[in-house]
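Letters A, B, ... mirror the listed sequences (proteins, then strands); counts begin at 1.
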Number of protein chains: 2
Amino acid sequence: MMAAPQTLDQTLLALADPTRRAILQRLSRGEARVTEVAQPFKMSLNAVSKHILVLERAKLVKRRKVGREHFLSYRAQPLDAAAKWMDDTRTFWGSRLDALEHLLREEDENTK
Amino acid sequence: MMAAPQTLDQTLLALADPTRRAILQRLSRGEARVTEVAQPFKMSLNAVSKHILVLERAKLVKRRKVGREHFLSYRAQPLDAAAKWMDDTRTFWGSRLDALEHLLREEDENTK
DNA sequence: TTGACATTCAACCAAAAGGTTGAATATATT
DNA sequence: AATATATTCAACCTTTTGGTTGAATGTCAA
């Protein structure tokens, strides 16, 4: 099943920010609380909190509340979907170009 | 070699817009002029021209000028790099989770 | 209960994004 | 030379984004 384009939008938009990608990297090493996630950044806790909200809306992050602490974890599904979209687009190209064209393109790509 | 994070930013930002993704889809079927690319959209030619500039800055589109006509073509490299970043992030997870955890996560993912 | 802690909410601000229209530039056509 | 075509540039507007600070909320700990 193909992801709704709106979802893809949200995913890519969420990923198009280095802070948010860094947050995901952090979470890819395991669950963490909001404060822990925010710690390495120079910006305010509030700013990070907002970034987390964006990631949450995009379903890239899931929140589990325990008392006053919110534990955040990485969710793979949207990234999988985005990767699939990319693969599809790229695969299309691969099958469209004939061998010579493809070779020339690589050539060009490498000497840039 | 790893892409500069700035480049990844540009790539993902460029992709995080349905109009621009549609433009790329169009170009994945072959070269086209600016006017041709703009034709299906409801927005003004100028708006599309701006989108193309964004794609060009992200090196997702290359421009070849012939007289007054500008021929646009799709470039695969940045998408490749973005896909690689995603794969890397995802692969990390894949190798980190043990089989049971992984299974439970999938389970959870599917019943949401 | 008083106070510290974890987190969000709300209001605000500057900068960027995405669109518009109108003018400019360069090339083709007659 | 005059006009039409292809495209960008420039100015403008509105909405969104990414950040700030200060207050509110809810929970733990003394």
Enumerate the protein-to-nucleotides 20-23 of chain D contacts in which both atoms are nitrogen or oxygen and the separation is below 3.5 Å.
residue : atom : partner : partner atom : Å
D:dT20  : OP1  : A:S44   : N            : 3.4
D:dT20  : OP2  : A:S44   : N            : 2.9
D:dT20  : OP2  : A:S44   : OG           : 2.7
D:dT21  : O4   : A:N46   : ND2          : 2.6
D:dG22  : O6   : A:N46   : ND2          : 2.4

Counting N and O atoms only, with roles assigned by atom type, does the side chain of A:R20 sit under 3.5 Å from a partner on the main chain of A:A14, one being a donor and the other an acceptor? yes
Could you check A:H51 against B:R63 and say which one's nearest nucleotide on DNA chain D is further toward the 5' end? B:R63
A:L13 CG to D:dT15 P, straight-line distance once rounded to whole Å: 18 Å
Short N/O separations, protein against nucleotides 27-30 of chain D, under 3.5 angstrom:
residue : atom : partner : partner atom : Å
D:dT27  : O2   : A:R68   : NH1          : 3.3

Closest heavy-atom pair, A:A32 versus A:R26, reported as atoms and distance to 0.1 Å, is CB-NH2, 3.5 Å
Starting from C1' on D:dT7, measure out to CZ on B:R64 and report it in whole angstrom. 16 Å
Counting side-chain heavy atoms from C-beta on, which of C:dA6, C:dT8, C:dG19 comes nearest to A:T35? C:dA6
Take the protein atom NZ of B:K65 and the nucleotide atom C1' of C:dT25, then report the distance between them rounded to whole Å. 11 Å
Mind checking A:L72 for me? I need base, sugar-phosphate or nothing, with any heavy atom below 4.0 Å counting as a touch. nothing
Rounded to the nearest 0.5 Å, the NE2 atom of A:H51 sits from the CD1 atom of A:I23 at a distance of 6.5 Å
Which atom names give the shortest non-hydrogen contact between A:A82 and A:L8, and what distance separates them? CA-CD1, 3.8 Å
Gap between atoms CD and P, on A:Q39 and C:dA6 respectively (whole Å): 13 Å
Under a 4.0 Å threshold between the charged nitrogen and the carboxylate oxygen, would A:E56 count as salt-bridged to A:K62? no
With no hydrogens and no angle check, is any side-chain donor or acceptor of A:S49 less than 3.5 Å from a backbone partner on A:L45? no
Given atom CZ of A:R20 and atom C1' of D:dG18, what is their separation to the nearest angstrom? 8 Å
Minimum side-chain heavy-atom gap A:Y74-A:L55 below 4.5 Å: no
Pick out which of B:R63, B:R75, B:R64 makes a salt bridge (Lys or Arg N to Asp or Glu O under 4.0 Å) with B:E31. B:R64
Are A:H70 and C:dT8 close enough that a side-chain N or O sits under 4.0 Å from OP1 or OP2? yes
Please state how far atom CD in A:E31 lies from atom P in C:dA6, giving the value in whole angstrom units. 17 Å
To the nearest 0.5 Å, how far apart are CG in B:L13 and CG in A:L13? 7.0 Å
Under 4.0 angstrom between B:S49 side-chain N/O and D:dT8 OP1 or OP2: yes
Please state how far atom CZ in B:F71 lies from atom C1' in D:dT5, giving the value in whole angstrom units. 14 Å
Between CG of A:L12 and P of C:dA17 the distance, given in whole Å, is 16 Å
